[in-house]
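These notes are about the structure you will find just below.
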4 protein chains.
Amino acid sequence: MADRQKKLWGGRFHQQTDLLVEGFTSSLDFDRRLYKYDIEGSIAHARMLAKQKIIKKVEERAIIAGLKAIEAEIEEGKFVFSPGDEDIHMAIEKALTERIGEAGRKLHTARSRNDQISLDMRLYTRAEIDRIIELVRKLKAALLGRAKKELGVVMPGYTHLQKAQPVLLSHWLLAFWEMFDRDEQRLEDAYKRVNVMPLGAAALAGTGLPIDRWYVAGLLHFPRLAENSMDAVSDRDFVAEFLFVLSVLMMHLSRFCEDLIIFSTDEFGYVEIADSFTTGSSIMPQKKNPDVAELIRAKTGRVYGDLLSLLTILKGLPMTYNRDLQEDKEPLFDAVDTVASSLVVFTAMLEKISFKTERMASGAASGFSTATDIAEYLVRKGVPFRESHGIVGRIVAFCIKEKKSFTDLTLEDFLKFYNGFDDGVFQVLTVEQSVQARTQIGGTAEEAVRRRIKEIEGR
Amino acid sequence: MADRQKKLWGGRFHQQTDLLVEGFTSSLDFDRRLYKYDIEGSIAHARMLAKQKIIKKVEERAIIAGLKAIEAEIEEGKFVFSPGDEDIHMAIEKALTERIGEAGRKLHTARSRNDQISLDMRLYTRAEIDRIIELVRKLKAALLGRAKKELGVVMPGYTHLQKAQPVLLSHWLLAFWEMFDRDEQRLEDAYKRVNVMPLGAAALAGTGLPIDRWYVAGLLHFPRLAENSMDAVSDRDFVAEFLFVLSVLMMHLSRFCEDLIIFSTDEFGYVEIADSFTTGSSIMPQKKNPDVAELIRAKTGRVYGDLLSLLTILKGLPMTYNRDLQEDKEPLFDAVDTVASSLVVFTAMLEKISFKTERMASGAASGFSTATDIAEYLVRKGVPFRESHGIVGRIVAFCIKEKKSFTDLTLEDFLKFYNGFDDGVFQVLTVEQSVQARTQIGGTAEEAVRRRIKEIEGR
Amino acid sequence: MADRQKKLWGGRFHQQTDLLVEGFTSSLDFDRRLYKYDIEGSIAHARMLAKQKIIKKVEERAIIAGLKAIEAEIEEGKFVFSPGDEDIHMAIEKALTERIGEAGRKLHTARSRNDQISLDMRLYTRAEIDRIIELVRKLKAALLGRAKKELGVVMPGYTHLQKAQPVLLSHWLLAFWEMFDRDEQRLEDAYKRVNVMPLGAAALAGTGLPIDRWYVAGLLHFPRLAENSMDAVSDRDFVAEFLFVLSVLMMHLSRFCEDLIIFSTDEFGYVEIADSFTTGSSIMPQKKNPDVAELIRAKTGRVYGDLLSLLTILKGLPMTYNRDLQEDKEPLFDAVDTVASSLVVFTAMLEKISFKTERMASGAASGFSTATDIAEYLVRKGVPFRESHGIVGRIVAFCIKEKKSFTDLTLEDFLKFYNGFDDGVFQVLTVEQSVQARTQIGGTAEEAVRRRIKEIEGR
Amino acid sequence: MADRQKKLWGGRFHQQTDLLVEGFTSSLDFDRRLYKYDIEGSIAHARMLAKQKIIKKVEERAIIAGLKAIEAEIEEGKFVFSPGDEDIHMAIEKALTERIGEAGRKLHTARSRNDQISLDMRLYTRAEIDRIIELVRKLKAALLGRAKKELGVVMPGYTHLQKAQPVLLSHWLLAFWEMFDRDEQRLEDAYKRVNVMPLGAAALAGTGLPIDRWYVAGLLHFPRLAENSMDAVSDRDFVAEFLFVLSVLMMHLSRFCEDLIIFSTDEFGYVEIADSFTTGSSIMPQKKNPDVAELIRAKTGRVYGDLLSLLTILKGLPMTYNRDLQEDKEPLFDAVDTVASSLVVFTAMLEKISFKTERMASGAASGFSTATDIAEYLVRKGVPFRESHGIVGRIVAFCIKEKKSFTDLTLEDFLKFYNGFDDGVFQVLTVEQSVQARTQIGGTAEEAVRRRIKEIEGR
């Protein structure tokens, strides 16, 4: 889009005004993407006009045949868009009339471009929500599959990017599953508000002609009608909501990518991204740059920008339709493309990631990551939590001083710090015990994770 | 909040480091607002610990009594917050232990501030969604009431801020009703994702103690549990979603305000905002500045900023809890306060607005706002729409040249432009006819508007 | 860009991974726009390598000739970009080596794509700042010319969109001149920080080869070198700053457009935008939609979105180069195109605007817009300002009650409100007197406005 | 601010309308922060009025004494702000008149709150820019000091968060110095546009009274006057520009924090943040959470939000003053407080950071980080760069297979890959040689870094 405008406006300050304005106001370069939905909507509209006897059966047939022929031509790349056509609606209607004559001039009866573009946008958004949901489901399936496959692998869990407690790799993977599951829910909720039929609102006030809006809705599978014509032509909430849902989705991907980028460093060394998803240097073979993850992380900013653009456009806009609304399309298209391609590539990358389970295990064992487990052991013996904290803190300090780890300690050692210790303490201080103890719903024990996997599969 | 920081940091570059950092990292100044929810959550947690025999019944009773006493003190303004307390959790737990001794030190068993703050935020957000829904309903009721009261009043409908077709004032009012109705739906949808119980996630991995998460959920009326402990402590989607819904709500208010500001100008003169909602100049009595509407319009930017702040914070954040998440609170509180006060004041203002119906009516009649009606009349006679457009265009040009309006024309005049005209044309060219013809669902005819009002009332 | 990605990613989930990733990570589709700057930079680099005897004279000549041939081919549209080329740098270097053999493989000596892309971006940004400054100057010249032409025309000045005091139309026009003048200053300031030569930073650490950075800087007219190689490859401040300056510029255009849209309404009727800059309805000849102004207003949101995208990308990015930085280009290109075309079209529109001076004059005269002037007259007689306010307020109330305007009052009338009135009051209560009294620097009197015009012209 | 509004609006839906609106529109709660500047501006205004004989000398003296007394009371916390006062201007003027009588009622002569608030905001912003510049200089000084102290320490340089080439720790520190130096330049540039005197613009049109704007400017040390009264009261560019500069500053801090957070992990282990700037867990002594760095990183989002709020408010705002502009203050105050406290705490933290130089050195030596150096050595022998890349790539592959590092290879080994190797290769393949070779301007050699330090100190 940038390049086009450059060509058009770059230095041509003196070009003919009409051309200048024509280029500036035309949306054909980007809204042609809606051709399929525009034609689908027009066919439904024509069927209704005929059913209501506003046009004749023979006119209906001519219109439908003409529109289908145009659609075929566009898909085959044979249709010639003229720069003079303002938008996709005019381009198609003009071509239709050139082909079928007078009947073409009746298609626009009882409708305006104001309700027509709202219909096109809703049909498009509906289809794209479906596509994104499909891609999210694929990602979720990949996560679930991987979580099942890696069951049993222990890794360090982090808070503040500092090792905190050991967790299962599968648990970490399923944490992302939960995020994308919420995204799917939000997509479904957004869909409800897209799935509303605006045609019949005409310019802003409705029409005096005897149309049948429910019939059109039925043909196009809309369960609801827009209930106020003024709102119908000025509403772009559904675009903003979709852009928000996509923004959160990208935010989730960005968090996943951040973990992968950090885990792929030489220093962490937990993850190896397949060569095909990295770029290297021809010199430094150790250097596998996680480019795909970095790009997805960055593209989050892009989708945020798309959301903000639309919110800014809508703020303080007077009723009803204003030309400002034409600027809703490019942010939407850009966000959809960005998210769809990011999901596809991310899912493919995820499937080819190797986890370096030994590094993870040794990472999980270092530090005193089971300190909380010893404290909880003391709690079970009746020591108040805040006190048990103190006891374990002193044990850790002792270990550091003596360069020991918990597993090096004897019962005598433990008894120096609190006289209630018994052999049970040796049951809780290994990484494996720590993980396996967390069997509560949502916990990281293999038992709990396995249960969650079953629930998900059982849906 | 600004003032506090000023005091703290202003010139004290040389102050003791500890104090410096303490002030910078403390959240007590703003998260104290959560005290009620923090106590509510702690009571539920204590009940569960007792039920599970992790603490004793007598300890449970002491904890609950202590917490209730603290709550009462806070509400009476008697509780002394110490600047040294990092946050509301520590402030309350410390006070509790000072009062009830050892039992207080057991309260934090099997929980971490990471899951505790998530619980507090969810309880708070749930309550605020309820409050905002209540305020939106009041605004919708005010709109509906006004729409009923003004039924029959005609005003010009605008596209591009240019007069387009006459509509009912009630139709314009109900267009906003539809917007706020969508806001309510979005609030309900967001609520579902807030209404999830995170406690039990502990620091990030769950706990090894035999807690009962469903019991806590029941006490606090949560229908769902967070299903992954790592996700539970790092998820702030629900805050972002609420902020987005509030952003769209403000955007709707800003559009309403824009119309009111323009309609209040001397030049339009359709609306008179009550004196109490404007400010004047002591000199120019004609000058009634629509300050409230302007402020609400501006505050939209503020809520957008709150949304963007959080989205920026969350982008690329590694798993799981990071201190960055502390910065989720102030944008949320600010947005809630802004939206709640805007709704209250806007609704009150709306109730005191006078519509200058004569100005509206004469505005609706000027121009050739029924041109579309004549075109539709011709369509009914079989003239293709694009052709009928042309005919009416020529009639308008004639009228302008002859300084006439449609109602000045005779049948002979009409017949000069198209020989199919008949007396029926006089049925369609008045403003009243134009409005009343649009009886389709969502149209502006009184019949259609009345029907919509009944549907709404019938819910 | 959207369309490309659609084609690539749409449904091809199963396509070969390499192609998938290649398409996702390639920047060639948009960075090819930088070809000219890439070649310019490479020529300077080659000259330096030869001067420093790192390559031979004959190699330098071959490289330069090869690069110039490639540039010519690109400009003629003959150059074939292969989708397999990652970016514009690789596409050009590969083509060069195919043409000139071994010498081509020496071009990349002592440089990395990390410093190369920074150079390209700086050369591009420098050129675009120059272009935008040129367009801003044209707009300022148009404003100045119009202000001179309309000198003497009085219009109502507004606060809160309510008539406040009469001003000169030229004064209103020059208020925008001041805004765009600040934009120009900001562009100049931003330019200084773009105008820094990064080449020689190599990947991140500089190079061990005996390059001469000042020589390259001289060839490319850079007055400064980047002083730290790590900063040089990770810095995108200059892009963010340019995007901010463009955002403010668009904000100014949006405010201008808002005034024009409101002034073009039937109700205000102060402005008539030329037909070629509006769209109409084939039916309603009174309907001239100010589409161009609406689109420019909306495009402000787009540029804000571009700014936010980049700021989001840069937040929290680790040192030094990360692939995230590839996403700096599309927002920049989009913003530049949007602003350039908006400036061109807006300036052309401005030149064809007609001001309806009679409507303006009668608008200025209505209300009691000279009330302040009477108050100031009393101040000159020694009445404290807050008191004089009160007196005039009572006079206005009297006029409203008696349906009179100030000019209908006699001296006796005035004396009833304050006994110090004299004939001098009749010198101050007309619109013309009101305007002409404001002769202070920055005031709206013709004398002051004329003075300002001279100052501007005298620069 | 949140809490205030909560108190005011929370449940008081039924409170008296006047109070409701009063609370909603009042800015006193936040603009009281401007009291000092409001009084400073009023004193200058009063002096000018007296000099111009618009008020009497004795009145001037009374006004100035009164204002100074009020200022003293405010600073001592004795001044009682009444909730009924709309804003700081009214609060002060009312108090003044209560004290000194009639003279107080003359202070507002020839001025309006519209130009008065612009003056206050400019005085405030000017002072805050000065303060932020001071804080940035302190940070730069700390960086420079540290860079000098650590000279000679080698660390790995990263691209894509992957080890790339060794650099000096001081070079990494000075990269941030460059960023903050640009911030300082941007602050200086923004200052120029703040430093413009608006008083005299009055409501929007200037005044008819014989004021002397240059005299006021002189008293308040403004080198320029606002040249158009309409622009003067509607311009908030200077606030937006300051917010942008602060946003970039925070972005730089966020990047620094990101590096510190990553370098503080157990896995990297390059940095130890002093205990006083971290929080720990009472259990896990290895756990030092880099809270301060995390909070600063997050607060970047907050300042971005402030910037966006204002840009949204200003978009499409009609001329001249609109009440929307009242909403410029809180984002500005919040951003200033956030940035100032972040700079203070960050600088203090930086001074107490320990660098673990051994870990850094061994990190720098691992991998094949000097591969580029061998390639450059070959270039010096006449091998084309792309070819030398290939040779070194094969050597690296051999080393990996044989589990050797470059320093383990003999000349015979090297000769197997290219017959032009000689003993010189051993001069280039150590980390120290690699760093020391990069002596070019901006390079990482100690010589180059030392030179840069001298330049900076020589300014």
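Note: hydrogens, waters and symmetry copies are ignored here, and every other heavy atom, side chains too, is used. No experiment lies behind these values; they were computed from the predicted model shown. So that the names make sense, note that chain A is the first sequence line, chain B the second, and so on, each numbered from 1.
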For the residue pair D:F256 and D:F263, is the inter-centroid distance of their aromatic rings smaller than 6.0 Å?
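Aromatic pair excluded; centres sit 6.0 Å or further apart.
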
Identify which part of [X] has an atom lying under 4.5 Å from any heavy atom of chain D, answering side chain, backbone, both or neither.
X      : result
C:L307 : side chain
C:T207 : both
C:R323 : both
C:K192 : side chain
C:Y304 : side chain

Going by atom types alone, do [X] and [Y] pair a side-chain donor with an acceptor below 3.5 Å?
X      : Y      : result
D:D259 : D:W172 : yes
D:T370 : D:Q433 : no
D:S229 : C:H171 : yes
C:D181 : C:Q185 : yes

With only heavy atoms counted, which part of [X] is less than 4.5 Å from chain C, the side chain, the backbone, both or neither?
X      : answer
D:S234 : both
D:I54  : side chain
D:T320 : both
D:P198 : neither
D:N114 : side chain
D:R193 : side chain
D:W214 : side chain
D:L225 : side chain
D:R255 : both
D:A205 : both

Between [X] and [Y] (side chain of the first, backbone of the second, donor and acceptor by atom type, cut-off under 3.5 Å), is there such a pair?
X      : Y      : result
D:R302 : D:A298 : no
D:D231 : D:E227 : no
D:E59  : D:K56  : yes

What residue in [options] has the most heavy-atom pairs under 4.5 Å with chain D?
options                        : answer
C:L204, C:V167, C:D373         : C:L204
C:M179, C:E455, C:Q436, C:H160 : C:H160
C:H252, C:M319, C:R297         : C:M319
C:R182, C:M250, C:R213         : C:R182

Looking at residues at least two apart in the chain, or sitting in another chain, which of them share a salt bridge (Lys or Arg N to Asp or Glu O under 4.0 Å) with D:E102?
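D:E102: no salt bridge (Lys or Arg N to Asp or Glu O under 4.0 Å) contacts found.
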
Looking at every heavy atom in both D:H389 and D:A375, which two are closest together, and how far apart are they?
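Looking at all heavy atoms of both residues, the shortest contact is CD2-CB, 4.3 Å.
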
Any side-chain heavy-atom pair from D:F244 and C:E241 closer than 4.5 angstrom?
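Counting from C-beta outward, D:F244 and C:E241 do come under 4.5 Å.
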
Sort out for me which of D:T444, D:L107, D:T109 touches chain C most, counting heavy-atom pairs under 4.5 Å.
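Option with the top pair count is D:T109.
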
Between CZ of C:R113 and OH of C:Y321, what distance do you get to the nearest 0.5 Å?
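Reported value, rounded in 0.5 Å steps: 8.0 Å.
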
